[in-house]
Structures are given as C-alpha cells and as structure tokens.
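The block underneath contains the structure these notes are about, expressed in structure tokens.
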Amino acid sequence: MLAEAFDDVCADERMLYLQAAPPAGAPRVPHGIVVRRLTAADASQLDACGPDGAAAYGPWEGAHALAASGLGWGAFWHGRVQALVCTGFLGRRYEDLIVTPLRDERLWRLTLACLIAHTADVGARGHRAILSYASHDRPGRLLAWNAGLRLEREFVEYGVGLPSGMRQNPA
C-alpha cells in the first residue's frame with residue numbers, strides 16, 4: 001500500500017535497545033581525554049563538529065540548545081569534542097538517545113564511555129534509556145550491548161518520498 005501511495009519507499013530494519021543491565025565495564029579513557037556533561041560553554045565546540053555533530057543536535061534546533069540542556073555527554077581532547085551522546089527525544093519515562101562517534105570509528109571506546117555516563121544520568125532522572133540501530137550496524141549494536149542496553153524489539157522503519165502523482169514534471 002505504501003508503494004502505491006508514494007513514489008519512493010525505503011524500508012530500514014531497526015533494532016530497539018532498552019537500558020536493562022549494568023554496563024559490561026567502563027572503557028579505559030586515554031590520558032588527556034575528559035568525559036563530561038555538556039555545558040552551555042561547549043556550544044561552539046559542537047558547532048565545529050560539522051555534519052556529525054549536527055546529527056546529534058538537530059532535534060534540539062541547534063548546538064546552543066543542546067549544550068545548555070544538560071542532556072548530553074562528550075569526550076573532549078584539548079577542548080575538542082571527540083565523541084558525543086545526547087538525549088534526542090525526552091519523554092515521561094524514556095529518553096531516546098543519539099550516539100555520534102565523531103570523525104573515526106576508532107573513537108568507539110570514547111563513545112562507549114559517553115554512553116555509559118549518559119545512561120547513568122538518564123537513570124538518575126528516573127527515566128530509561130532507549131537506542132535504536134539498523135540491524136546491519138554491528139558496531140552500534142555492540143556499543144549498546146556493552147553499555148548495558150538489551151534488545152527489546154525489532155521493527156521496520158519506512159521512509160517515503162512524495163505522494164504518487166505529486167512529482168513535478170520539468171518544463
């Protein structure tokens with residue numbers, strides 16, 4: 001039915017993880033790296049992250065709003081953000097997280113350190129952390145597992161284009 005209603009339909013198999021267990025253990029953070037909660041003063045550093053950072057602060061309508069919210073954690077090296085985890089959507093019981101390993105997948109242990117700190121923070125607020133990954137994203141799924149999130153359910157997410165017949169014809 002979706003294919004009949006829309007010109008473009010893309011299906012993405014997703015896996016939803018829920019905070020359910022203690023983390024496997026905090027990763028060793030290299031000397032010089034600081035993992036901490038974001039503050040309003042970090043907004044310019046988030047802006048400097050480019051498209052990777054924008055994926056995290058997009059729901060917040062900008063880096064300044066995310067930095068001031070207190071709902072994000074980052075790994076900093078010489079004042080620059082290396083990894084970022086934040087709440088993307090805040091509900092009454094759950095917080096849907098956004099995980100952004102910036103620049104390089106070799107920074108996943110820093111991302112894990114941020115995720116563990118942030119999920120502990122979420123729990124302290126009386127909420128539960130949730131996180132979803134594409135079923136083919138093995139590094140993301142391992143990250144969730146090591147942070148103590150467990151598979152809750154699998155689902156298919158659909159992205160659609162314009163309604164059928166709405167495509168503009170070039171003149």
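Index from 1, following the sequence.
With F76 as the aromatic partner, R36 meets the cation-pi criteria of under 6.0 angstrom to the ring centre and within 45 degrees of the ring axis.
In this structure, L97 CG and L90 CG are separated by 10.5 Å, a value rounded to the nearest 0.5 Å. Rounded to the nearest 0.5 angstrom, C114 SG and L38 CG are separated by 8.5 Å. Remark: L18 CG to S132 OG distance equals 12.5 Å, nearest 0.5 Å. Atom CG of residue L131 and atom OH of residue Y17 lie 9.0 Å apart, to the nearest 0.5 angstrom. With rounding to the nearest 0.5 angstrom, the OH atom of Y133 is 12.5 Å from the CE atom of M15.
Summarising the geometry of V81 relative to C49, their closest heavy-atom pair is CB-SG, 3.8 Å, with the distance given to 0.1 Å. Taking each heavy atom of A134 and R14 in turn, the nearest pair found is N-NH1, 3.3 Å. The nearest pair of heavy atoms linking A11 to V156 is CB-CG1, 3.9 Å. The shortest heavy-atom contact between A75 and I33 is CB-CG2, 4.1 Å. Here the closest non-hydrogen pair linking C86 and W60 is SG-NE1, 4.4 Å. The heavy-atom pair separating L149 from A129 by the smallest distance is CD2-O, 4.0 Å.
Judged by distance alone, the side chain of R128 and the main-chain N or O of Q19 form a donor-acceptor pair under 3.5 Å. Looking at N146, its side chain does come within 3.5 Å of a backbone N or O of L142 through a donor-acceptor pair. Side chain of H127 to backbone of R92: a donor-acceptor contact under 3.5 angstrom is found. The backbone N or O of G70 lies less than 3.5 Å from a partner atom in the side chain of R37, making a donor-acceptor pair. Remark: side-chain polar atoms of D42 are paired, donor with acceptor, to backbone N or O of T39 under 3.5 angstrom. A donor-acceptor contact shorter than 3.5 Å links the side chain of R141 to the backbone of S135.
Counting heavy atoms from C-beta outward, T119 and V85 have side chains that stay 4.5 Å or more apart. Side-chain atoms of L16 and L151, non-hydrogen and from C-beta on, never get closer than 4.5 Å to each other. By the 4.5 Å heavy-atom criterion applied to side chains, P30 and L110 are counted as neighbours. For the pair W73/L84, no side-chain contact is recorded, criterion being any heavy-atom separation below 4.5 Å from C-beta on.
Under the rule for a salt bridge (Lys or Arg N to Asp or Glu O under 4.0 Å), D47 has no partner lying at least two apart in sequence or in another chain. Remark: R125 engages E95, D121 in a salt bridge (Lys or Arg N to Asp or Glu O under 4.0 Å) (not counting sequence neighbours).
Linking ILVMFWY side-chain heavy atoms closer than 4.5 Å, directly or via other members, places Y94 and F155 in a single hydrophobic cluster. Connection of W108 to I98 is not established within any shared hydrophobic cluster, with ILVMFWY side chains joined at heavy-atom distances below 4.5 Å, either directly or through further cluster members.
Residues in residues 151-160 take part in no salt bridge (charged side-chain N to carboxylate O under 4.0 Å, His left out) pair, two or more places apart or across chains.
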field: Test side chain to side chain donor-acceptor pair (under 3.5 Å) applied to T87 and H118, step by step
entry: CA-CA 9 Å; T87 296; H118 190 60; 2.9 Å; yes
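Within 6.0 Å of atom CZ in F89, 12 or fewer heavy atoms from other residues, nucleotides or ligands are found, so the atom counts as exposed in its surroundings.
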